[in-house]
Amino acid sequence: MNYPIAIVCGMMLVCFAAHLSGGVIQSLSIKPSKVAKRYGADLSLDVLDRNWVQVMCAFQLVSVDLLALAGVLYLLAFTELLAPRQAIGFALAGLFFLWGVVWLVQLGTLKRKLKEYLLLGHWSVWFLCSGLVYWGSLSL
């Protein structure tokens with residue numbers, strides 16, 4: 001068993017569960033018709049609603065990615081079924097690293113305050129996963 005990669009596998013399962021539960025609840029809270037009712041805003045609901053549905057669908061694609069990553073990480077950590085194992089591990093470490101970079105770039109582009117970098121700290125999870133998978137891949 002590869003402990004660093006197994007830890008990341010567990011983290012991805014937790015992220016998947018959080019994404020499906022808390023993330024969906026948060027996303028539902030910004031449904032345009034709910035926002036319009038709450039604030040009495042005169043919004044173009046057709047366009048906003050279509051955009052919101054697109055965001056919700058894309059959000060769930062990330063859930064699929066998290067589950068698929070957990071599956072690949074499981075195979076790397078507990079089996080010898082994948083080949084070349086080390087190259088796959090390094091590729092996943094690179095993917096997590098890029099996710100962290102892109103998250104920070106988006107926060108910077110959107111001119112978020114420092115407090116929001118901490119509240120929206122997904123980037124720290126991605127960098128931690130990157131490091132753990134890289135470390136675990138060294139011994140594959």
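Position 1 is the first residue of the sequence; numbering continues from there. Keep in mind that what you see is a predicted model, and the values were worked out from it rather than measured. Both backbone and side-chain heavy atoms feed into the values below; hydrogens, waters and symmetry mates do not.
- Remark: Arg112 CZ to Leu119 CG distance equals 11.5 Å, nearest 0.5 Å.
- Here CG of Leu73 is found 10.0 Å from CG of Asn2. Values are rounded to the nearest 0.5 Å.
- Nearest heavy atom pair, residue Ala70 against residue Cys9, reads O-SG, 3.3 Å.
- Across Ser130 and Ala93, no two heavy atoms sit closer than the pair OG-O, 2.8 Å.
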Practice task
Test Trp52 against Leu28 for side chain to side chain contact (heavy atoms under 4.5 Å, CB included), laying out the working first.
Solution key: CA-CA 9 Å; Trp52 176 78; Leu28 288 173; 3.8 Å; yes

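- Other residues, nucleotides and ligands place no more than 12 heavy atoms under 6.0 Å from the OH atom of Tyr3.
- Atom CG of Asp49 sits about 11.0 Å away from atom CE of Met56, to the nearest 0.5 Å.
- Residues Val105 and Val62 are members of one and the same hydrophobic cluster, defined by side-chain heavy-atom contacts under 4.5 angstrom among Ile, Leu, Val, Met, Phe, Trp and Tyr.
- Residues Leu104 and Tyr117 have side chains in contact (heavy-atom distance under 4.5 Å, counting atoms from C-beta outward).
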Practice task
Go through the steps for Ser63 and Gln60 under the test side chain to side chain donor-acceptor pair (under 3.5 Å), then give the verdict.
Solution key: CA-CA 5 Å; Ser63 297; Gln60 291 314 318; 3.1 Å; yes

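- Linking Ile, Leu, Val, Met, Phe, Trp and Tyr residues whenever their side-chain heavy atoms come within less than 4.5 Å leaves Val14 and Leu132 in two separate clusters.
- If you chain together hydrophobic residues whose side chains sit under 4.5 Å apart, Ile7 and Leu82 fall into the same group.
- By the neighbour-count criterion of 12 heavy atoms within 6.0 Å, atom CH2 of Trp99 is densely surrounded, having more than that number from other residues, nucleotides or ligands.
- Follow the hydrophobic side-chain contacts under 4.5 Å out from Met12 and you never reach Val64; the two are in separate clusters.
- Side chain of Ser29 to backbone of Gln26: a donor-acceptor contact under 3.5 angstrom is found.
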Practice task
Go through Leu92 and Leu76 one step at a time and tell me if the side chain to side chain contact (heavy atoms under 4.5 Å, CB included) criterion holds.
Solution key: CA-CA 11 Å; Leu92 289 177; Leu76 282 178; 3.8 Å; yes

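- Taking the six-membered ring wherever Trp is involved, the centroid distance between the rings of Phe96 and Phe127 does not fall below 6.0 Å.
- By the rule that hydrophobic residues join a cluster once side-chain heavy atoms approach within less than 4.5 Å of another member, Tyr74 and Leu81 end up as members of one cluster.
- Considering only heavy atoms from C-beta on, Ile88 stays 4.5 Å or farther from Leu75 through its side chain.
- Separating the OG atom in Ser124 from the CH2 atom in Trp103 is a distance of 10.5 Å, to the nearest 0.5 Å.
- Contact annotation: the side chain of Leu13 never approaches that of Leu66 to less than 4.5 Å [non-hydrogen atoms, C-beta and beyond].
- Taking OH of Tyr134 as the start and CD1 of Ile5 as the end, the distance is 12.5 Å to the nearest 0.5 Å.
- With contacts defined as side-chain heavy-atom distances shorter than 4.5 Å, the pair Cys15/His122 does not qualify.
- For the residue pair Trp126 and Gly100, the shortest heavy atom distance occurs at CB-N, 3.6 Å.
- Residues Ser137 and Leu140 have side chains in contact (heavy-atom distance under 4.5 Å, counting atoms from C-beta outward).
- Residues Phe59 and Leu20 are not in side-chain contact: their nearest non-hydrogen atoms beyond the backbone lie 4.5 Å or more apart.
- Met11 is listed as a side-chain neighbour of Val125, based on a closest heavy-atom distance under 4.5 Å.
- For Phe90, the CZ atom is densely surrounded, since the number of other residues' heavy atoms within 6.0 Å is greater than 12.
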